[in-house]
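We use all heavy atoms of the structure for the numbers below, so side chains are in, but hydrogens, waters and symmetry mates are not. Predicted model, so just to flag it, every value in this text is computed and none were measured.
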Amino acid sequence: MPADDAPAATKTAKAPPAKFGKGFLFDAWYYAALSREVKTGKLTRYEILGEPVLVSRGKDGKVFAIRDVCPHRAAPLSGGKLTQEADGRSSVECPYHGWRFGSDGVCASIPSLTSDQSLEVSRIRVRRYPAAESQGMVFVWISADPRFDGEPPEPPPAFPGVVGGQAKIVDSMIFETHMDHAVVGLMDPTHAPYVHEAWWARSSKRQSEKTKVFAPSPEGFVMRRHGRSKANRLYDILGGAPEIEITFRLPGYRWEHIVVGKRQVLALTCLTPLTETSTRISQLIWSDHPVMAFRALIAPFAREFLRQDGRMVNLQNEGLKYDPALIWIDDADTQAKWYQQLKREWTASRAEGRPFVNPVKETTLKWRS
């Protein structure tokens, strides 16, 4: 009987805190795709936390996710097709021998069986990953215990500022680095004048001292709402007096919520670890601001901004391959320190079956950029 055919787990498996740059955070919702990308009958293979995950939408319109490996001969189920059982339930048919699995992961049929063979096919199953939609996005819950077959204790994340209909600008790329390095690079407040130096963004010659107030927020922290940075000319296109609030939440969500009078802009970055050495970065921007009528002109700048980070990741990898000890300083690297503390508490609280206690305290940080 396949390893997947095990009794459902009732508790999260214990796991020691991982070293920085190693391992993953489990028992969490990870961004997989936009809802509009997940269509009925379309079987898409994703890699999340080193696991092959098939994401699709059943005939009933609901998204589902199962392990993309047939337990018979290991063919990817995503190479097959979406079918429908006699009772109306959707199932996925393996392209190799036609074995069918429901959206719950339970085997529905083995066509090669004869009428006098009594194998109980429902005892065979592939791993099911809870999947849900929120604000036009599809999230997949990855448990620490592969036998987990229940429902997550919390809904997928929701973000303020999802306005103006669908996301106006969407971009993604893969950083060839561990999730941890991608996260701390994302929240690093002092690299912009160097990595993002451009006439339309930052300049290393126009730096000044910054003072920002931070506070704990659900499963993360927030930079309190503040006025725009005069060094970043991208804010000029919004006009008025933009006020910005920047939030980070485990396992890897960072969003910048901008308010300009009655208008809003939400720039959300979702980090999805694929393997130990690759992370998918997805940038989504919503807005009801009139400037979005010119999004075709704005999108290339947002795209280049992300690729500037990507080029720096590739350069950084040249040093990381020697596994050097990293130096973290106050206040510029305090957010990176918080991230590591949050990770440790996340793992400990789930292993011990207790509520998460945010280790971040309200404080003021200063740096020059």
Chemist: If hydrophobic clusters are built from ILVMFWY residues whose side chains come within less than 4.5 Å, do V357 and V360 share one?
Modeler: no
Chemist: Does a sphere of radius 6.0 Å around CD in E209 hold more than 12 heavy atoms from other residues, nucleotides or ligands, not counting ones at 6.0 Å or beyond?
Modeler: no
Chemist: Is M312 reachable from L320 through a run of hydrophobic residues whose side-chain heavy atoms are each under 4.5 Å from the next?
Modeler: no
Chemist: Aromatic contact between F214 and W338, with the criterion being ring centroids under 6.0 Å apart: yes or no?
Modeler: yes
Chemist: Yes or no on side-chain contact (heavy atoms from CB on, under 4.5 Å) for Q341 and R344, after CA distance, side-chain angles and deciding distance?
Modeler: CA-CA 5 Å; Q341 294 168 13; R344 287 193 292 269; 3.4 Å; yes
Chemist: With T247 as reference, evaluate W255, Y253, F221 under the side chain to side chain contact (heavy atoms under 4.5 Å, CB included) test and give the passing residue.
Modeler: W255
Chemist: Distance from D60 atom CG to Q84 atom CD, nearest 0.5 Å?
Modeler: 9.0 Å
Chemist: For P157, does its backbone N or O pair with a side-chain atom of R249 as donor and acceptor, under 3.5 Å?
Modeler: no
Chemist: List the atom of L43, the atom of L82, and the distance in Å for their closest heavy-atom pair.
Modeler: CD1-N, 4.1 Å
Chemist: Same cluster or not: L49 versus L250, using hydrophobic residues (I, L, V, M, F, W, Y) connected whenever any side-chain heavy atoms lie under 4.5 Å apart?
Modeler: yes
Chemist: May I ask you to say whether E345 pairs ionically with R350, meaning some side-chain N is under 4.0 Å from a carboxylate O?
Modeler: no
Chemist: Minimum heavy-atom separation for E256 and R254, please, with both atom names.
Modeler: OE1-NH1, 3.4 Å
Chemist: Less than 4.0 angstrom from a charged side-chain N to a carboxylate O is my criterion; do K59 and E85 meet it?
Modeler: no
Chemist: Under a 4.0 Å N-O cut-off, is there an ion pair linking R224 with E245?
Modeler: no
Chemist: Between D149 and R125, is there a side-chain N and carboxylate O pair less than 4.0 Å apart?
Modeler: yes
Chemist: Same cluster or not: V213 versus M187, using hydrophobic residues (I, L, V, M, F, W, Y) connected whenever any side-chain heavy atoms lie under 4.5 Å apart?
Modeler: no
Chemist: Run the salt bridge (charged side-chain N to carboxylate O under 4.0 Å, His left out) check on D171 and R307 step by step: do they pass?
Modeler: CA-CA 10 Å; D171 190 22; R307 274 138 191 81; 2.8 Å; yes
Chemist: Parallel, tilted or perpendicular: which fits the ring planes of W141 and F148, with parallel below 30° and perpendicular above 60°?
Modeler: tilted
Chemist: Examine distances only and state if a side-chain atom of H178 and a backbone atom of G23 form a donor-acceptor pair shorter than 3.5 Å.
Modeler: yes
Chemist: If every non-hydrogen atom of P193 is compared with every non-hydrogen atom of T190, which pair is closest and at what distance?
Modeler: CD-O, 3.5 Å
Chemist: To the nearest 0.5 Å, tell me how far R295 CZ sits from H289 NE2.
Modeler: 14.5 Å
Chemist: Thinking salt bridges, do E304 and R311 make one under a 4.0 Å N-O criterion?
Modeler: yes
Chemist: Are L342 and V222 grouped together when hydrophobic residues (ILVMFWY) are joined by side-chain heavy atoms under 4.5 angstrom apart?
Modeler: no
Chemist: Could D288 and K262 be called an ion pair, given the rule that one side-chain N must be under 4.0 Å from one carboxylate O?
Modeler: no
Chemist: Does the R128 side chain pair with the main chain of G150, one donor and one acceptor, at a distance under 3.5 Å?
Modeler: yes
Chemist: Does E51 form a side-chain hydrogen bond (donor to acceptor under 3.5 Å, both in side chains) with Y46? I'd like the steps, not just the answer.
Modeler: CA-CA 8 Å; E51 285 292 316; Y46 295 89; over 6 Å; no
Chemist: With distance as the sole test, does S56 use its side chain to make a donor-acceptor pair with the main-chain N or O of K42 at under 3.5 Å?
Modeler: yes
Chemist: Taking the basic N atoms (NZ, or NE/NH1/NH2) and the acidic carboxylate oxygens, is any pair closer than 4.0 Å for D68 and R45?
Modeler: yes
Chemist: Please state whether the rings of F159 and F139 are parallel, tilted or perpendicular, taking 30° and 60° as the class boundaries.
Modeler: tilted
Chemist: What's the verdict on side-chain hydrogen bond (donor to acceptor under 3.5 Å, both in side chains) for S90 and S103, showing C-alpha distance, side-chain angles and the deciding distance?
Modeler: CA-CA 7 Å; S90 295; S103 58; over 6 Å; no
Chemist: Taking the ring centre of each residue, are F26 and W346 less than 6.0 Å apart?
Modeler: no
Chemist: To the nearest 0.5 Å, what is the distance between OG1 (T44) and NZ (K39)?
Modeler: 10.0 Å
Chemist: Looking at W99, is its backbone amide N or carbonyl O close enough to the side chain of H97 to form a donor-acceptor pair, meaning the two atoms are under 3.5 Å apart?
Modeler: no
Chemist: Once you round to the nearest 0.5 Å, how far does NZ of K210 lie from CH2 of W367?
Modeler: 8.5 Å
Chemist: Would Q340 and V184 count as a side-chain contact (heavy atoms from CB on, under 4.5 Å) here? Give the steps.
Modeler: CA-CA 9 Å; Q340 295 174 71; V184 299; 5.5 Å; no
Chemist: Do you see a donor-acceptor pair shorter than 3.5 Å between the side chains of E176 and S278?
Modeler: no
Chemist: To check you understand the geometry: which heavy-atom pair defines the closest contact between V55 and V138, and what is its length?
Modeler: CG1-CG1, 4.3 Å
Chemist: Before giving the answer on side-chain contact (heavy atoms from CB on, under 4.5 Å), spell out for H72 and I124 the whole-Å C-alpha distance, their side-chain angles and the decisive distance to 0.1 Å.
Modeler: CA-CA 10 Å; H72 179 215; I124 301 172; over 6 Å; no
Chemist: In terms of side-chain heavy atoms, does E243 have a donor or acceptor partner in H226 at a distance below 3.5 Å?
Modeler: no
Chemist: Yes or no on side-chain contact (heavy atoms from CB on, under 4.5 Å) for L284 and L34, after CA distance, side-chain angles and deciding distance?
Modeler: CA-CA 9 Å; L284 315 172; L34 289 171; 4.2 Å; yes
Chemist: Nearest 0.5 Å, please: how far is OG in S349 from CD in E352?
Modeler: 7.5 Å
Chemist: What are the two closest non-hydrogen atoms of E47 and L274, and how far apart are they?
Modeler: O-CD2, 2.9 Å
Chemist: Testing the 3.5 Å rule here: is there a donor-acceptor pair between the side chains of Q207 and Y194?
Modeler: yes
Chemist: Donor-acceptor check, side chain of T177 to backbone of V313, threshold 3.5 angstrom: yes or no?
Modeler: no
Chemist: Which atoms form the tightest heavy-atom contact between R57 and V38, and what is the distance?
Modeler: NE-O, 2.8 Å
Chemist: Taking atom CZ of R89 as the centre, report whether more than 12 heavy atoms of other residues, nucleotides or ligands fall under 6.0 Å from it.
Modeler: no
Chemist: Could you check H257 against Q264 for side-chain hydrogen bond (donor to acceptor under 3.5 Å, both in side chains), going step by step and ending with a plain yes or no?
Modeler: CA-CA 7 Å; H257 184 207; Q264 301 181 66; 2.7 Å; yes
Chemist: For the pair H181 and F175, evaluate ring pair (Phe, Tyr, Trp, His ring centres under 6.0 Å) and give the outcome as yes or no after the intermediate values.
Modeler: CA-CA 10 Å; H181 291 292; F175 285 3; over 10 Å; no
Chemist: Going through the checks in order, is the side-chain hydrogen bond (donor to acceptor under 3.5 Å, both in side chains) test met by T114 and D116?
Modeler: CA-CA 6 Å; T114 61; D116 61 342; 2.5 Å; yes
